[in-house]
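Each remark here refers to the structure printed beneath this line.
All values below were derived from every heavy atom in this structure, side-chain atoms included, with hydrogens, water molecules and symmetry-related copies excluded.
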Amino acid sequence: MCIIEQSSLITCPHGFSTRLGGVSSGIFTSLNLGVDRGDSPENVRENWHRFLAACGISGDSVVFGKQIHGNCVHIAGFSDARDFSQIENPIQADGYVTDLQGLPIAVSIADCVPVLLQDKEHGIIAALHCGWRPTVADIIGEGVKKMVGLGADPSLICAAIGPAIDQCCFEVGGEVIEAVQGLLGSESAAPLYFSRGDKFMLDLRGVVTMRLLQTGLKCENIEKVGACTMCHPDRYFSHRYTKGQRGSMFAVIMQ
C-alpha cells in the first residue's frame with residue numbers, strides 16, 4: 001500500500017510521498033519517484049501511478065523538471081506536462097504555479113523542504129522546492145508573487161510544509177545563517193537557529209514558515225506535515241543520511 005502524507009488545509013488533490021508502498025528495490029526501496037537516480041523506468045512509472053492514485057490524481061503526466069537550487073518559479077501550462085520517466089530537456093525551475101484545472105505540478109525532495117500552496121477561492125496553486133539555497137534566494141516570495149500575478153490573495157493562500165530535514169539534524173555553516181538573516185531580518189531569524197561548536201543547527205521549515213508569514217499568509221493557514229527525513233530513514237529518503245545513495249520523493253498538487 002502506497003503511504004503518503006497530506007495536509008488538512010489543502011482541499012484539492014495533493015500529497016507528499018514517503019518511501020513506502022512502491023515496487024523498487026535496493027537503495028530505491030520502495031516508492032522511488034526519481035527518474036534520474038538509476039532505477040528502472042518501469043519501476044518509476046509504476047511508483048508514480050501508485051503515488052498519484054493515493055493522492056486522488058489520475059493520468060500519465062505531471063509538470064516537473066530539473067531543480068537548480070534557485071528561485072525560478074515557472075507558470076505551468078499543459079504543454080509542460082511530461083511522462084513520469086522522461087528526463088530529456090527538462091524545465092529548469094524550483095517551483096511551479098498554475099491556475100489550470102487538472103494539471104498536476106510537482107517538486108522533488110529528499111531533505112529539502114517541499115511547500116504546496118492553494119488559493120481555493122481564486123483557483124491558483126503552487127509547488128515549491130525550498131532547499132536552503134532557494135529559500136534564501138526567496139523562492140517563497142517569488143512563488144507568492146507569481147500566484148498574486150494570476151489573481152491570488154495571500155491572506156487566502158493555504159500552505160502545507162512537507163517532510164524535510166529538521167533542526168535536530170540540519171547542521172550548517174555561518175554563511176547560511178547570514179543568508180537567512182538577510183532574508184528574514186536578524187530579529188526574525190534569531191529563534192530559528194542555535195550554535196553547536198563552530199556550526200549552527202537551522203530550523204529550515206521554521207525559516208519557510210516565517211517567510212510565508214512575511215509575504216502575507218495567515219498563521220492559521222500554514223500547516224507542517226510529516227517528520228524529519230533524516231531521523232526517519234525507514235519512512236523517508238534522506239540525502240544526508242544515505243550520503244546520496246537513495247531514491248527521490250515528490251510533493252504534488254492539482255486542482
With a sphere of 6.0 Å drawn around CG of Asn89, does it hold more than 12 non-hydrogen atoms of other residues, nucleotides or ligands?
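No, not enclosed.
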
Atom OH of Tyr241: over 12 foreign heavy atoms under 6.0 Å
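No, OH of Tyr241 has 12 or fewer neighbouring heavy atoms, counting only those of other groups under 6.0 Å.
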
Using only atom types and a distance under 3.5 Å, with no angle test, would you say the side chain of [X] pairs donor to acceptor with the backbone of [Y]?
{"X": "Ser238", "Y": "Asp111", "answer": "no"}
{"X": "Tyr236", "Y": "Cys231", "answer": "no"}
{"X": "Gln167", "Y": "Leu202", "answer": "no"}

Could you note down all residue pairs passing salt bridge (charged side-chain N to carboxylate O under 4.0 Å, His left out) where residues 57-84 supplies at least one of them, sequence neighbours left out?
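Found Arg45-Asp83.
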
Qualifying salt bridge (charged side-chain N to carboxylate O under 4.0 Å, His left out) pairs with a residue from residues 188-217, counting only residues at least two apart or across chains:
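Residue pairs with at least one partner in residues 188-217: Asp138-Arg211, Asp166-Arg205, Glu171-Arg196.
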
All N/O donor-acceptor pairs, side-chain side in residues 149-160, below 3.5 Å, sequence neighbours left out:
unit_1 : atom_1 : unit_2 : atom_2 : d
Asp153 : OD1    : Ser155 : N      : 3.0
Asp153 : OD1    : Ser155 : OG     : 2.9
Asp153 : OD2    : Ser155 : OG     : 3.2

Answer yes if the side chains of Ser24 and Asn47 hold a donor-acceptor pair under 3.5 Å, and no otherwise.
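Per modelled atom types, Ser24 and Asn47 side chains form a pair under 3.5 Å.
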
Exercise: do Glu223 and Ser8 side chains pair donor with acceptor under 3.5 Å:
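Result is yes, a qualifying pair exists.
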
Student check: side-chain heavy atoms of [X] and [Y] closer than 4.5 Å:
{"X": "Val44", "Y": "Leu33", "result": "no"}
{"X": "Val63", "Y": "Pro104", "result": "no"}
{"X": "His129", "Y": "His69", "result": "yes"}
{"X": "Arg235", "Y": "Glu5", "result": "yes"}
{"X": "Lys224", "Y": "Thr209", "result": "no"}
{"X": "Ile161", "Y": "Val113", "result": "yes"}

Say you draw a straight line from [atom1] of [X] to [atom2] of [Y]; how long is it, rounded to the nearest 0.5 Å?
{"X": "Ile3", "Y": "Ser17", "atom1": "CD1", "atom2": "OG", "answer": "11.5 Å"}
{"X": "Tyr96", "Y": "Ile125", "atom1": "OH", "atom2": "CD1", "answer": "13.0 Å"}
{"X": "Leu128", "Y": "Lys146", "atom1": "CG", "atom2": "NZ", "answer": "10.5 Å"}

Can you run down the ring-ring contact (aromatic ring centres under 6.0 Å, His included) pairs that involve residues 16-58, sequence neighbours left out, and say none if there aren't any?
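Qualifying pairs, neighbours excluded: Trp48-Phe51, Trp48-Phe84, Trp48-Phe250, His49-Phe84.
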
side-chain hydrogen bond (donor to acceptor under 3.5 Å, both in side chains) between Arg246 and Ser248, intermediate numbers included
CA-CA 7 Å; Arg246 46 88 182 168; Ser248 292; 3.0 Å; yes

With Ala126 via side-chain contact (heavy atoms from CB on, under 4.5 Å) - residues at least two apart
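If we apply the side-chain contact (heavy atoms from CB on, under 4.5 Å) test to Ala126, skipping adjacent residues, the hits are Val97, Leu117, Met147.
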
Apply the side chain to side chain contact (heavy atoms under 4.5 Å, CB included) test between Val62 and each candidate in Leu52, Ile57, Leu103, Ile105; give the one that qualifies.
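Looking at Leu52, Ile57, Leu103, Ile105, the match for Val62 under the side chain to side chain contact (heavy atoms under 4.5 Å, CB included) is Leu52.
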
Please report the closest heavy-atom contact between Gly21 and Ser30, naming both atoms and the distance.
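Taking every non-hydrogen atom into account, N-OG, 3.2 Å.
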
Taking every non-hydrogen atom, the tightest pair across Pro163 and Ile109:
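Scanning both residues completely, I find the closest heavy atoms to be O-CD1, 4.4 Å.
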
Ile4 and Thr18: side-chain contact (heavy atoms from CB on, under 4.5 Å), yes or no, with the steps?
CA-CA 6 Å; Ile4 65 168; Thr18 67; 5.8 Å; no

Going by atom type alone, with no hydrogens or angles, which donor-acceptor pairs under 3.5 Å involve a side-chain atom of residues 180-191 and a protein atom two or more places apart or on another chain?
unit_1 : atom_1 : unit_2 : atom_2 : d
Gln181 : NE2    : Tyr193 : OH     : 3.0

Kindly work out whether a path of hydrophobic side-chain contacts (I/L/V/M/F/W/Y, heavy atoms less than 4.5 Å apart) joins Val115 to Ile91.
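Per the 4.5 Å side-chain linkage, Val115 and Ile91 are not co-clustered.
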
